[in-house]
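Written below as structure tokens is the structure these notes are about.
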Amino acid sequence: MKQRYLFIIAALFAFAACREDYPDMQNPRWDINIYNWDQAFVSYWNGLNYNYLFWDIDPTDWDEVYREYKPRFEALKAFGFDSTEINNQAFDMIREMSGNLIDHHFAISFFMPDTTYWFYPGNEEVSSREYNRHPDYNLWDDLPIFLLIKEKEGRFTEVAHNFYSGNSDMSVFSGVLDGNIVYLGFSVFLFYDHEGTGDDVELALQNYKDLLDNYPDVQGVIIDVRSNGGGYNRDINQVLGKLVPQNHTAFYSRQKNGIGRLDYAPWVPEEIKWQERTRELQVPVVVLADVNSVSMAEMTAMAVLSLPNGAVIGERTFGGNGSLAPANEYFDMTYSGFFENDVMWIYTTNTMSRDVNGVIHEGVGIPPTIECLFDPESWTQGIDLQLERAVSYIRNGK
Amino acid sequence: MVEIGKYVYPELSGEKREGLSDTKNNAHFMMKHRKRFANRCRWGVLAALVVLGLPASAQWKAGVTVGGTRNSLETTSGYFYDRTYHTAGGFTAGAVVQREFTNWLAVGGELVFLQKNYDTRRSLFYKPLYEDVKNTFLNVPLYAQFSFGGNRLRGFLNAGAYLGAWLKSTREGAINYFYDELDPTGNIEGVDDLYGMYDYDEPVAFDSRRDNRFDWGLLAGVGLRYQFAKRWEALAECRYYHGLSDLQKDYMLQQVARYNNTFSFSAGVLFRFGKTN
């Protein structure tokens, strides 16, 4: 009888121990023992397994990726990183397994003794879009000239500008188009770096704000973020702060808050902060966007679409809607996103976004209110059809 | 032929006494041959004891309990070092049914609402980031109760298992905005000096891909009960629920499991049905 009780007690303890063991977890940011492609694969796969933000919506079956590719990388274990042929073969596999990741900021680089590999799958997807008539062409290569011509023709007045150059990190133009439309166009969101400098970038931004406050007859506002590569989140207040009647929820962002792929913090309502103004403008606000408008450019489009008088004209945007802090030092902030070590550099966002209607545009882009595609033929003749369409919309309301 | 329950003893049929009903004949038979009966039917009677609770001396008791819980989440933070999980308090209430076989053995079943809450904390610079999670479960514990002591005041030990369902989840906490960057002028002591903070208190929608809403585990409890009236007992119990179901489905490779360890502290009353001594 005593033995029976002992057996029952032992069985209960065995039951009590029926909990899963924890997996070995190596922080990829401090992963310094990577000497072959098998180890590189494990570091990369695990890094995304725990740090990537988009598993909620990503079409990639990351478990299946492991099952399929782990044996194939294991087979390359003995070669180290010394063979260019093996390195090429291995990075091709990295490309294959990563090609459909939906994060359109996502880019990877692998550092090998003989070369550095680079892959930006979102850019490849965007380049292949049927409506993309200007892959790899940045409008800001020529847009400043177009605007200067308009200034010379008298269509563009009250102009303040700055050109991107070796000494300056952004192009920006502000002024009045066709007598009563306030225009602000810029290549990146780096206004914050210029605050208090008194330089041409700050003056151009200040000119835009002054026009919103004081120009006598404003019929509309155009914010031109075509081919804009994004930048500081906080710049959105500089661009839109005078156009919202009060602090205004423009979209939502979300971080991870656990180790699991689907562990998320709440959607946080991100606000445009109201800025001091001398008047309330009740006019159409148009964002000009194109397929190369990415990140903060898209968030600006998303924000303007949340305004009752807002519209987006141009093309469906790039589809990279998150925020990114590209350094290992920022890991503690969100416990997700970007990581790098001696072998790899993985550029992926710390937050994801959705619009005020709950739609996530990651990997797809913000659809325009009115589509107006880039026309290379007109462009080479100096005609900016998209800008003209925005002017027409403000004039006619359609 | 004498038939007792489903057992038929044709070899004893000659003992049937004339003039007695079948029931009385059965009782007569049982009394006369109880040892033999007991030997032959031992396992059947034991099974009946456990499954059907047939003994004539068994008594039913029913009641309610209320109390509090202290739950901790058993998991690991991995290399997300300063995100730690802490014990949190909650509420419990339940209905109890017990079948007492002897003065020292009973079996019990309950329907219990339990909160198995936990808190998530960061430290130092990220201390302003936190989350308190409240998870409500409906559990059905089944247990054996072994009691000891005097007639009125008795101690007891419970041991058993439970099944249940995860009914509801809410969370309350604070997280930083990403687009509300501040310009601190003084010392930067925490993340809230750099970013505006978003306070939230919201229900959590279950994600059918991730959340395992089926709950089960083992339990053990210790307590006291006091018979303060002919049919009434008061009880107090400290019980431990050892969760064996991961709060997550098996939805990702290299998954980090999460289990609940729950202590409940409850008090209640039981009403005794049937004859009393």
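Residue numbers start from 1 in every chain, and the chains themselves are labelled A, B, ... in the order their sequence lines are given, proteins ahead of strands. Below, all heavy atoms of this structure are taken into account, side chains as well, without hydrogens, waters or symmetry copies.
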When the aromatic ring centroids of A:Phe331 and B:Phe80 are compared, is their separation below 6.0 Å? yes
By a 4.5 Å heavy-atom criterion (distance strictly below it), what part of B:Leu124 contacts chain A: side chain, backbone, both, or neither? neither
Options B:Thr120, B:Asp211, B:Leu194, B:Asp183, ranked by heavy-atom pairs under 4.5 Å with chain A, top entry: B:Asp183
B:Leu129, part contacting chain A, at a heavy-atom distance under 4.5 Å: side chain
At a heavy-atom separation under 4.5 Å, does B:Ser77 approach chain A through its side chain, its backbone, both, or neither? backbone
Heavy-atom contact with chain A under 4.5 Å, split by part of B:Asp82: both
Of B:Arg209, B:Arg258, B:Glu74, B:Met252, the largest count of non-hydrogen pairs under 4.5 angstrom with chain A goes to B:Met252
CZ (A:Phe189) and CZ (A:Arg234) are apart, to the nearest 0.5 Å, by 14.5 Å
Could you walk me through whether A:Tyr347 and A:Glu340 pass the side-chain hydrogen bond (donor to acceptor under 3.5 Å, both in side chains) check? CA-CA 8 Å; A:Tyr347 190 81; A:Glu340 65 177 327; over 6 Å; no
Identified ring-ring contact (aromatic ring centres under 6.0 Å, His included) partner of B:Trp166 from the options B:Trp216, B:Phe206, B:Phe214: B:Phe206
If you measure only the distance, is there a donor-acceptor pair under 3.5 Å linking the side chains of B:Tyr241 and B:Thr69? no
Where do B:Glu237 and B:Asn158 land on the side-chain hydrogen bond (donor to acceptor under 3.5 Å, both in side chains) test, with the steps shown first? CA-CA 9 Å; B:Glu237 182 185 358; B:Asn158 288 337; 2.8 Å; yes
Between A:Met299 and chain B, which part of the residue has a heavy atom less than 4.5 Å away: side chain, backbone, both or neither? side chain
Quick check: A:Tyr69 with A:Phe41 (ring centres under 6.0 Å apart)? no
Checking B:Tyr179 against chain A: side chain, backbone, both or neither under 4.5 Å from a heavy atom? both
Counting only non-hydrogen atoms closer than 4.5 Å, does A:Gln255 touch chain B with its backbone (N, CA, C, O), its side chain (CB onward), both, or neither? side chain
Nearest heavy-atom approach of A:Pro28 to A:Phe339 is CB-CD1, 3.6 Å
Please classify the contact of A:Asn350 with chain B as side chain, backbone, both or neither, using a heavy-atom distance under 4.5 Å. side chain
Under 4.5 Å to a heavy atom of chain A? For B:Phe178 that would be both
Tell me, out of A:Ser253, A:Ala265, A:Pro269, who's got the most heavy-atom pairs with chain B below 4.5 Å. A:Pro269
For A:Tyr50, which atoms come within 4.5 Å of any heavy atom of chain B: side chain, backbone, both, or neither? both
Centroid separation B:Phe146 to B:Phe148 less than 6.0 Å: no
Contact origin within A:Trp45 toward chain B - heavy atom pairs under 4.5 Å: side chain
Report yes if the distance between the aromatic ring centroids of B:Tyr195 and B:Tyr177 is under 6.0 Å, otherwise no. no
Looking only at heavy atoms and a cut-off of under 4.5 Å, which of A:Asn49, A:Asp332, A:Thr334 has the most pairs with chain B? A:Asp332
Which bit of B:Tyr81 is near chain A, if near means a heavy-atom gap under 4.5 Å: side chain, backbone, both or neither? both
Turns out that what part of A:Tyr264 lies under 4.5 Å from chain B's heavy atoms comes down to backbone
Indicate whether the side chain of B:Tyr143 and that of B:Glu110 have a donor and an acceptor atom separated by less than 3.5 Å. yes
Do any N or O atoms from the side chain of B:Gln255 and from the backbone of B:Lys249 form a donor-acceptor pair under 3.5 angstrom? yes
Sort B:Glu131 into side chain, backbone, both or neither according to what part of it lies under 4.5 angstrom from a heavy atom of chain A. side chain
Checking B:Val191 against chain A: side chain, backbone, both or neither under 4.5 Å from a heavy atom? side chain
Interchain contact, A:Asn51 with chain B, by part (heavy-atom threshold 4.5 Å): side chain
Honestly, the part of A:Tyr22 sitting under 4.5 Å from a heavy atom of chain B is side chain
Which portion of B:Asp246 sits near chain A, non-hydrogen atoms under 4.5 angstrom: neither
